[in-house]
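Within every chain, numbering begins at 1; the chains are lettered A, B, ... in the order of the sequence lines, protein sequences first and strands thereafter.
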Amino acid sequence: MTYIELQATSHFSFLRGVSSCDELFAAAALLGYPALGITDRNSVGGLVQATIAADATNTRVVAGCRLDLQEGSSLLVWPEDRAGWSRLTRLLTLGKSRADAQHGEKGQCFLHWEDVAAHAKGLVAALIPDKEVAAGLGRLADIFGGSAFLALTHRRRPGDAMRLHNLDRMAHAHGVRNLATGDVLYHSPDRRMLQDVVTAIRNKCTIDELGFRRERHADRHLKGPVEMERRFADYPDAIRATADIAERCAFSLRELSYQYPDEIVIPGLSPQQALELMTQQALASKFQGSVPEAYSKLLAHELKLVAELGYAPYFLTVNAIVAFARSQGILCQGRGSAANSVICYILGITSIDPVAHELLFERFISPERKEPPDIDVDFEHERREEVIQWIYQTYGQDRAALTAVVSRYRARGAVREVGKALGLPEDLTAALAGQVWGWSNEGVSDRHVEELNLDRQDPRLSSTLELARQLIGTPRHLSQHPGGFVLTRDRLDDLVPIEPAAMADRRVIEWEKDDIEELGFMKVDVLGLGMLGCMRRAFDLLRNHKGMDMELADLQDDDVKVFEMIQRADTLGVFQIESRAQMSMLPRMKPREFYDLVIEVAIVRPGPIQGDMVHPYLRRREGKEKVEFPSEALKKVLWRTLGVPLFQEQAMKVAIVGAGFTPAEADALRRSMATFKFTGGVSAFQDKLVKGMIANGYSEEFATRTFKQIEGFGSYGFPESHAASFAKIAYASSWMKCHHPDVFCAALLNAQPMGFYAPAQIVRDAREHGVEVRAVCINRSRWDCTLEREDSFSALNQEGLIPLRLGLRMVRGLSNVHAAQILAARGETPFATVEEVWRRSGVPLASLEKLAEGDAFASLGLDRRQALWQLRGLGAAPLPLFAAADAREAEIVEPKVALTPMTEGREVVEDYRSLQLSLRAHPLAFLRPELNRRGATRCNDLCRIKDGRKVEVAGIILVRQRPGSTSVTFVTIEDETGIANAIIWSDRFEAQRRTVMSAAMVGIKGTVQREGEVIHIITDRIEDYTGLLHSVGEMHFPHRPGPGDGATHGGTPDHRQRERSVRTLPSLRTGGRGEPVIEVKSRNFH
Amino acid sequence: MMPDLELRNSDPEADAAFLTRLALFAARRWTPIAATSGPDGLWLDLTGVVHLFGGEQRMCARIVRFCARLGFTARIAVAGTGGAAHALARCSEHPVTLCPSGHEAETIAGLPIASLRIEDDVLRAARRLGIDRIGDLLVMPRGPLQRRFGRTLLERLDQALGRAAEPFHPVVPRDPPSATLRFAEPIATAEAIERAVVELMTKLIRTLEKAGLAARTLLLLCSRIDGVEQNVAIGTARATRDVSHLLRLLSAKIETIEPGFGIEAMRLVAAHAEPLGPQVIESALAGGKPAPDLVPLIDRLSGRLGARRLFRTSAVESDVPERSLRRTSPLAETAEWPREWPRPVRLLSPPERVENVVALLPDHPPRRFTWRGRAYAIARADGPERIYGEWWKRAGEAEAVRDYFQVEDEDGARFWIYRRGDGLDGRTGDLSWYLHGVFG
């Protein structure tokens, strides 16, 4: 007989277990277990990961769950078959539906014996003998009969032998068998310390105060079967029972088959027939009857594949969603591999023509891959919620739910939490956490510790760092994915438990997107793209103010002026090509046509640059290298990219054309690229490719080089269609910026937070292009930023630009509700005094103070201090009597008070504090005399300095970036004349890490490096001038880097890598110390 | 973290007590009217005492020097009003500032308004409006100021300028209650001393009663003819006026007095007295026996053995037996002892090594062992109880494991034995055996 461990807790029992499923199964395999049971508390969230780990280690997973009932008893249950599993998931759904997520009960599960009794069929249960054993045993025996067990565990406490003996007798008395378990919490004894720490974190106390809340029973690591059999030598039946249960409960999650909703869109026709009909009709109407042969052939080919695999409902579902969005006027665009299909193109889901771009359908779906296609659709960010609600309504709450996102500990959060649990003072943990770059998972290294002048030998400190490193990656809690939907045909809660999310009326399943993909459920990603919302606003403004009615599809891809602007790298605010890296590349690439933009979007990213694809391409483009192709066949594949493979599809086509891969094999190659680092399965492909190419007549050296290039794609290579979709939007936004910078600026400001730069840079850029920007005004501003004409007949200025009025939304702390009240009260009659605003609108004084801090009362003749003075003199609420008296009567007559006016510098700083920008001056303008004295050059003057000269520039830090895992850091600074880009190599960075990470203003000393128009400063020394900056207003300067800053935010502004929550908060983060600023809860990440 | 930095925890109560003592000292030495100001300052009313110290300048310099000798850096300001003096002392750079009487307004005009003792939110609001200095306030009309900042700001301003009065509450030094007895003839016999003590005690208790106080520490000072002082002190756990109890405690100590050639004066001082109101007497009518009062017993035992030798043990939530208890004072509340698992009545500290242990690894109890030279054969045993070290207290305990066994030998004596190490992993201990406690 052989013992099988059936009670193991993974780290999906949040803050209780500390081992991942991979670790548990690896340990189990090492110990020789044929199977391992995973029982997390009131959750099956980890079972998909367990299944994957089990497959990887050739150990079977016995799916299970530990139910903690309200009466105090706990049961372990394992489903025997699919029906049993469904009952388990329904039971958990029932328990979780009783939790009130809005009142702090999120994630909890309330179950009673009656519920268990109602869902007992098909489950094997074991009672954990903690409290009230006799009563519990009785009920268990009644409910489960022959499937009831009593779990015996060694506790290593006094009286254990006696206790087990008594339990054994009681079990016999009730006719229940014994079951030996190990109550495993972690896979190896080394994890005991971490387990104590997470217990402390869970109880929100330090480990010194934890006392008896610590796990009091010993030996919670995974023990080998021989050892367990020795310990339970007196109870051989208990050991046998484990094997029996493992045999009985043969259910595997792989049995949950694919499920697509039934889409009956046209009564009487099956989904496949309906799809065929719709696509034929759409094709005919698109080409007005005379359909080119290429399209109809491709369509027939695709429809055949779709019929074979049964994917028609999927397309119909997505089509329904997009049709709904279009009917509501919501801008949307499909992307990803879906863009390859002509079905999607014709139905209007994507806007890239696959025939014209010669895209590969097999990239999208192939018969080899038995998984459903994956279509991402970008919607306008603000209106995505409408689409989500429609999906819920149409599919019902029990067949549609959002996937979960497991938020895990990252380096910063781990250091903070573990430090708190070990009793380190908060400023110390904050300092350690602050040394960690952005969202990296590297942990705090010894170097960082020494930089802070801390003693590395201190035991608590070293324990903290060590345990924090172990904690990285452990889940903390479940939250909802912003837009990943799961849609099924059967009831969803027969497949997976559903729980209510924190937002009302939202339900979330326990599994993540990757888990869903692994099991093959249908998933639709409903994502929000800020730029789409921005474009819609821009089109609305264009229509309302300039009388031009157009939309995304109308913009032709061939306006020369637009491409000239792009070549100048004048692209601040433009989608995808505004980042610092892009701006450095554009003057070299010089995009002249749409396809150049597609390439630009795809390649200026860390992966391709490292994979040595970008530079060969650039050299060929600039004419420094001859464009040549190793063969005619390959020329057809690579001519558009001058012989260098730049897109994933090209890599696949090279494999097909050059080495004779079938399309399905090529796709497998692509997939293995993405994960080759982890599974190392790519070498098989290497042989095949090289051999195939040699067989086709290519040199071995060329074949190996090609393979290396393809390898460099890894997971970074963009699909061409994806890049094309993005390039379309990039072109549209460039067009808007080029021809209507006023409209563009207004739309961009209204769509914040998004993009790479902060509002200050957006406004500065607009002003440089001749847009007049007017300050927030109580009498003239609306909520949004608008264009302000004196009247409809007044002439535009000579460039056709309308002045832009900043809206009330720019004022920090002013709520939409209050602003609406003010605007409603204002109506047609402007306000004359502060008191009048207060009386007519009825908003609380705090809101008016926010407006005063934003200098919104300037048009009433009051500066900030005077406005605040007047506001402070108003009472708690306006008396109704005075309302009747009306504004003509002077209110309380007060003697005049003369207040000290603010200095100009202080006004600028206050502007930044309230509006995040200043129209008066740049803070550095006040420091210029001092900076001149120190020998600093203006940023604008850098273009006059020769290459290789030494220079110093000073400015406020806008953005810090560390692309990929390279050893170089890019810093962008801004002064009153413009911006400058600096490069810091890793040795210099580490030597001055603190300054770079924490300073608001720096002075950079280094050497100028010019490549054509692109100027960088290779940094030698970087000095912290934050003190100078604070002296401008004699107060702390509220420094907030833009969203693109890698040090404080997740990394690149690449849309795919940044996850947004539905409710985005205003882009205000904790600014300088001292002044109270708004705190932004950083959603799921730290 | 930083090994060169010495850290001390702040102790605001001790600081406040010290400041009060300093104020009492000032009240005795420099001026009759003295009070504490905040957590770190003193008010002194110098009316009428300045001439005794040679003028304001010299007096202030003397006070500053005195504080320096105590280890403090002091700043002192003298002005016609309390508010102005406070502002100048807190915000001026010089150690001594003298403000000519009647010129407060000019002198404090340059100081920040924070020195006027106003609340933080008023301060912040004023700063936002650009009002930084007291001088700014002086030129503004009062009505709007009052409307926006409330009364406190103007009140404080008026107090500083002398327009409003500001009395303060001085500390009054008090002598502890005492009773004195002088003898016409010096006494030297024990009976005479005892009689004198009884008389003193009666007098003192009457004084205490009148003042509503009760004694906690009594000091008996005997002055001998040859000038040598003999002192006896007693202390009680609870403030009491019980004459017989106090006499009993004191009599126990009287033997230690050496009268020498004779005692000419005796003084009984209640060095530490606490207020004590009327006390409820437990009535037999209430039914049930009243709980026995432990305090007199504790007093007597403390008196005989010394207060440090009497303690109670309380439970600490820790698995490691040595750390699972701590000593507290006899009258303190104790934490509940956990009942689930038996623990020996006596714990040996440190645990004693036992030899010749025969036991099956990894988790069987020993069959026999030798302790203090005697061999024991085990008849019955229970265990192991596995206890891990507390890794966060000492790094050395990170891996340590102890397996405890409760063993009973053939004669029925029970012991608590442990083995270091779990028998499987060498890092957890060296497999040596110790005896940690004895049951019963």
Side-chain angles (χ1 to χ4, degrees), chain A residues 154-162 189-190 192-193 196-197 206-214 216-219 227 230-231 422-425 428 452-455 457-463 853 864-866 868-869 871-875 892 894-902 906 1076, chain B residues 1-5 124-133 136 139-149 315-319 324 335 338 340-343 362-363 381-388 390-396 398-399 401-406 416 422 424-425 427-428:
Chain A
H154 277 279
R155 288 199 185 147
R156 294 306 202 202
R157 285 294 182 181
D160 224 12
M162 207 56 216
D190 303 327
R192 185 169 48 89
M193 294 200 269
D196 287 336
V197 168
T206 69
I207 198 152
D208 303 287
E209 299 160 8
L210 195 56
F212 286 159
R213 287 174 288 186
R214 220 177 135 200
R216 306 206 65 208
H217 305 148
D219 279 359
E227 170 70 12
R230 185 190 68 83
R231 289 193 187 191
L422 284 179
L424 295 184
L428 183 59
L452 291 172
N453 290 326
L454 297 176
D455 177 18
Q457 307 303 329
D458 179 75
R460 287 258 166 150
L461 185 60
S462 52
S463 301
E853 282 168 16
R864 282 188 162 92
R865 282 195 171 148
Q866 289 164 344
L868 281 172
W869 177 264
L871 281 172
R872 225 183 141 83
L874 300 172
I892 303 181
E894 274 190 334
K896 282 268 176 248
V897 166
L899 294 170
T900 335
M902 277 191 194
R906 179 82 183 251
Chain B
M1 303 292 138
M2 297 174 224
D4 297 334
L5 196 64
R124 240 180 291 138
R127 283 249 210 86
R128 296 231 74 221
L129 292 166
I131 305 172
D132 281 323
R133 311 263 144 199
D136 299 332
V139 298
M140 287 177 139
R142 295 172 65 93
L145 274 181
Q146 167 126 353
R147 195 157 168 225
R148 282 157 179 77
F149 298 112
V316 174
E317 284 192 1
S318 167
D319 270 340
S324 65
E340 315 136 321
W341 301 318
R343 288 279 180 267
D363 52 10
D382 180 45
E385 181 181 354
R386 180 157 288 179
I387 292 184
Y388 289 110
E390 290 177 339
W391 53 269
W392 60 92
K393 287 211 163 47
R394 274 190 334 133
E399 314 259 354
V401 168
R402 285 185 191 169
D403 276 348
Y404 277 84
F405 296 93
Q406 189 187 10
W416 212 35
D422 63 1
L424 294 168
D425 189 345
R427 289 175 305 180
T428 58

(message) Just to verify, which of B:Asp382, B:Asp363, B:Asp403 counts as forming a salt bridge (charged side-chain N to carboxylate O under 4.0 Å, His left out) with A:Arg156?
(response) B:Asp363
(request) Of all the heavy-atom pairs spanning A:Phe212 and B:Ser318, show the shortest one and how long it is. (result) CE2-N, 3.4 Å
(request) List the atom of A:Arg872, the atom of B:Leu129, and the distance in Å for their closest heavy-atom pair. (result) CD-CD1, 4.2 Å
(message) Donor-acceptor check, side chain of B:Arg128 to backbone of A:Arg865, threshold 3.5 angstrom: yes or no?
(response) no
(request) Ignoring hydrogens and angles, tell me if any N or O in the side chain of A:Arg192 forms a donor-acceptor pair with the backbone of B:Ala398 under 3.5 Å. (result) yes
Taking side chain as everything from C-beta outward and backbone as N, CA, C, O, which of these in [X] sits under 4.5 Å from a heavy atom of chain B? Side chain, backbone, both or neither.
X        : answer
A:Glu853 : side chain
A:Asp190 : side chain
A:Leu422 : side chain

(request) Below 4.5 Å from any heavy atom of chain A, which atoms of B:Trp391 appear? Answer side chain, backbone, both or neither. (result) side chain
(request) Among the options A:His217, A:Met162, A:Arg230, A:Met902, pick out the one with the most heavy-atom pairs lying under 4.5 Å from chain B. (result) A:Arg230
(request) With a 4.5 Å cut-off on heavy-atom pairs, point out which of A:Leu868, A:Asp219, A:Asp160, A:Leu210 contacts chain B the most. (result) A:Asp219
(request) Carefully, step by step, assess A:Arg214 and B:Glu317 under the rule side-chain contact (heavy atoms from CB on, under 4.5 Å). (result) CA-CA 10 Å; A:Arg214 220 177 135 200; B:Glu317 284 192 1; over 6 Å; no
(message) Any heavy-atom pair between the side chains of B:Pro144 and A:Trp869 that's under 4.5 Å?
(response) yes
